[in-house]
Protein chains: 2
Amino acid sequence: MNTGIIDIIEKVTEIFKTFLKRGDYRQTPERFAILKEIYHKDSHFTIEELYEDMLNKKFRISRATVYNTIKLLLKSNLVVKHQFDDNSAHFEKTFKTKQHGHMICTICKKVIEFQDTELYHIQKGVEKNFGFEVHSTTLTFYGLCKDCLKN
Amino acid sequence: MNTGIIDIIEKVTEIFKTFLKRGDYRQTPERFAILKEIYHKDSHFTIEELYEDMLNKKFRISRATVYNTIKLLLKSNLVVKHQFDDNSAHFEKTFKTKQHGHMICTICKKVIEFQDTELYHIQKGVEKNFGFEVHSTTLTFYGLCKDCLKN
DNA sequence: TTACCTGCAAAGGGTTTGCAGAGTC
DNA sequence: GACTCTGCAAACCCTTTGCAGGTAA
């Protein structure tokens with residue numbers, strides 16, 4: 001499992017390097033450190049969580065740099081952004097990650113992921129019908145989870 | 001067409017009245033005026049847009065009341081909230097409105113709606129598989145619209 | 001009459017911006 | 001060496017909150 005993660009991080013680092021070169025962006029240690037941290041995570045995160053995780057690992061960094069780098073990662077499609085129904089944006093890595101949706105419990109705020117193949121068909125449908133080119137997708141169901149339904 | 005709107009507004013006003021009574025909320029003129037304004041709209045709106053529209057119609061109201069009333073309308077399911085990729089929340093009426101998704105062009109910011117029947121199947125699927133009870137849904141595709149693809 | 005609701009203004013929280021110093025190319 | 005990037009802090013915008021006066025029940 002660990003070797004898998006290392007391989008993936010190597011790969012996305014390459015992709016990011018290429019992206020930076022092409023866009024005339026500089027290759028700073030902060031940018032690679034943030035990418036690495038994100039790809040070590042298994043789940044969603046907010047900017048604040050990412051920022052604190054890096055501080056905890058004694059990596060000296062500022063919020064502004066995290067915001068700046070996330071923008072580049074979004075542009076390079078290595079990360080996607082989700083705006084759930086709270087005030088802060090949530091992010092996820094994309095490389096080697098399957099397309100999925102989210103269920104959010106409006107009581108306990110839990111976020112549950114689910115895989116779906118039909119989603120892909122819907123996407124193909126709108127691309128065909130509207131001449132729209134889809135870059136990223138957010139499917140979110142809000143409601144009550146199993147545990148909260150019991151109460 | 002106009003009679004259709006009037007009928008619908010009468011109907012949702014009744015629904016809202018019942019909701020307010022049941023929840024021991026007061027029936028204030030502001031609340032009904034906001035509901036009416038929303039159901040006169042054809043499309044998405046932000047709090048700020050709604051607020052300004054009401055001011056333009058010489059209805060004296062405050063932002064705080066708009067925020068407060070929107071919460072009640074969400075609770076009564078007469079309005080849904082969408083968090084697109086900008087900072088402000090977007091809202092829509094729900095009554096007599098079909099389930100649909102949104103495509104958002106990341107360049108021109110245009111929001112295009114599309115109907116989809118498959119979405120309902122996905123919803124049924126997660127309800128069955130996860131014991132989750134879905135109350136509302138947001139499906140959003142981000143990408144490039146036909147017009148922006150030309151350039 | 002008794003809460004609750006409204007309007008106003010200030011506070012709060014996430015994100016962006018401006019600027020000086022550091023680091024990439 | 002030029003110019004971008006970083007870190008810090010202040011500014012910004014949307015939303016929430018506190019309080020005094022008004023209003024529905």
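Please read these numbers as outputs of a predicted model, since none were measured by experiment. Residue numbers begin at 1 in each chain, while the letters A, B, ... track the order of the sequences.
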- Query: Is there a side-chain polar atom (N or O) of B:R60 under 4.0 Å from OP1 or OP2 of C:dT6?
  - Reply: no
- Query: What is the distance, rounded to the nearest whole Å, between atom CG of B:N87 and atom C1' of C:dG12?
  - Reply: 15 Å
- Item | Carboxylate-amine/guanidinium contact A:K57 A:E37, below 4.0 Å | yes
- Note on the structure: The answer to which of B:Q27 and B:K71 contacts DNA chain D further toward the 5' end, by nearest nucleotide, is B:K71
- Message: Between C1' on C:dG13 and OH on A:Y51, what's the gap in Å once rounded to a whole number?
- Response: 15 Å
- Query: Separation of A:Q83 atom CD from C:dG14 atom C1', in whole Å?
  - Reply: 10 Å
- Task: Would you kindly give the CE-to-P distance between B:M54 and C:dG7, to the nearest whole Å?
- Result: 10 Å
- Looking at B:N68, does any N or O in its side chain come under 4.0 Å of the phosphate oxygens OP1/OP2 on C:dC5? no
- Starting at atom CD of A:E52, determine the distance to atom C1' of C:dG14, rounded to an integer number of angstrom. 13 Å
- Query: Are A:K109 and A:D86 close enough for a salt bridge, meaning some N to O gap below 4.0 Å?
  - Reply: no
- Winner on side-chain proximity to A:S88, out of C:dA3, C:dG14, C:dT24, is C:dG14
- Give the first and the last nucleotide of DNA chain D, reading 5' to 3', that has any atom under 4.0 Å from a heavy atom of chain B. D:dC14 to D:dA25
- Ionic contact status for B:E48 with B:R63, cut-off 4.0 Å: yes
- Item | Relative orientation of the end axes in the helix from C:dT1-D:dA25 to C:dC25-D:dG1, expressed as an angle to the nearest 10° (five pairs per end) | 40°
- DNA chain D: A:D24 or B:Y67, which has the more 5' nearest nucleotide? A:D24
- Query: Quick one: do B:F16 and B:M54 end up in the same hydrophobic cluster if we chain Ile, Leu, Val, Met, Phe, Trp and Tyr together by side-chain heavy atoms under 4.5 Å apart?
  - Reply: yes
- Query: Any side-chain N or O of A:T28 less than 4.0 Å from the OP1 or OP2 oxygen of C:dT24?
  - Reply: no
- Task: Could you verify whether a donor N or O on one side chain and an acceptor N or O on the other, from A:E92 and A:H100, lie under 3.5 Å apart?
- Result: yes
- Task: Determine whether the aromatic ring centres of A:Y142 and A:F84 lie less than 6.0 Å apart.
- Result: no
- Euclidean distance, atom CD1 of residue B:I34 to atom C1' of C:dG7 [Å, nearest integer]: 12 Å
- Counting only heavy atoms not in A:K96, do more than 12 fall under 6.0 Å of its NZ? no
- Message: Between P on C:dA9 and CZ on B:R63, what's the gap in Å once rounded to a whole number?
- Response: 11 Å
- I would like to know whether A:H102 and A:F141 meet ring pair (Phe, Tyr, Trp, His ring centres under 6.0 Å); could you show each step before the answer? CA-CA 6 Å; A:H102 299 102; A:F141 292 116; over 10 Å; no
- Item | Euclidean distance, atom CD of residue A:E30 to atom P of C:dG23 [Å, nearest integer] | 9 Å
- Query: Is there a donor N/O on one and an acceptor N/O on the other, under 3.5 Å, for the side chain of B:R26 and the base of C:dC4?
  - Reply: yes
- NZ/NE/NH1/NH2 to OD/OE distance under 4.0 Å, A:E14 and A:K11: no
- Task: Return the nearest nucleotide to the side chain of A:P29; candidates are C:dC4, C:dT15, C:dT24.
- Result: C:dT24
Which side-chain N or O atoms in residues 113-123 of chain B pair as donor and acceptor under 3.5 Å with protein atoms at least two apart or in another chain?
| unit_1 | atom_1 | unit_2 | atom_2 | d |
| --- | --- | --- | --- | --- |
| B:D116 | OD1 | B:E118 | N | 2.5 |
| B:D116 | OD1 | B:L119 | N | 3.0 |
| B:Q123 | OE1 | B:Q99 | NE2 | 3.2 |

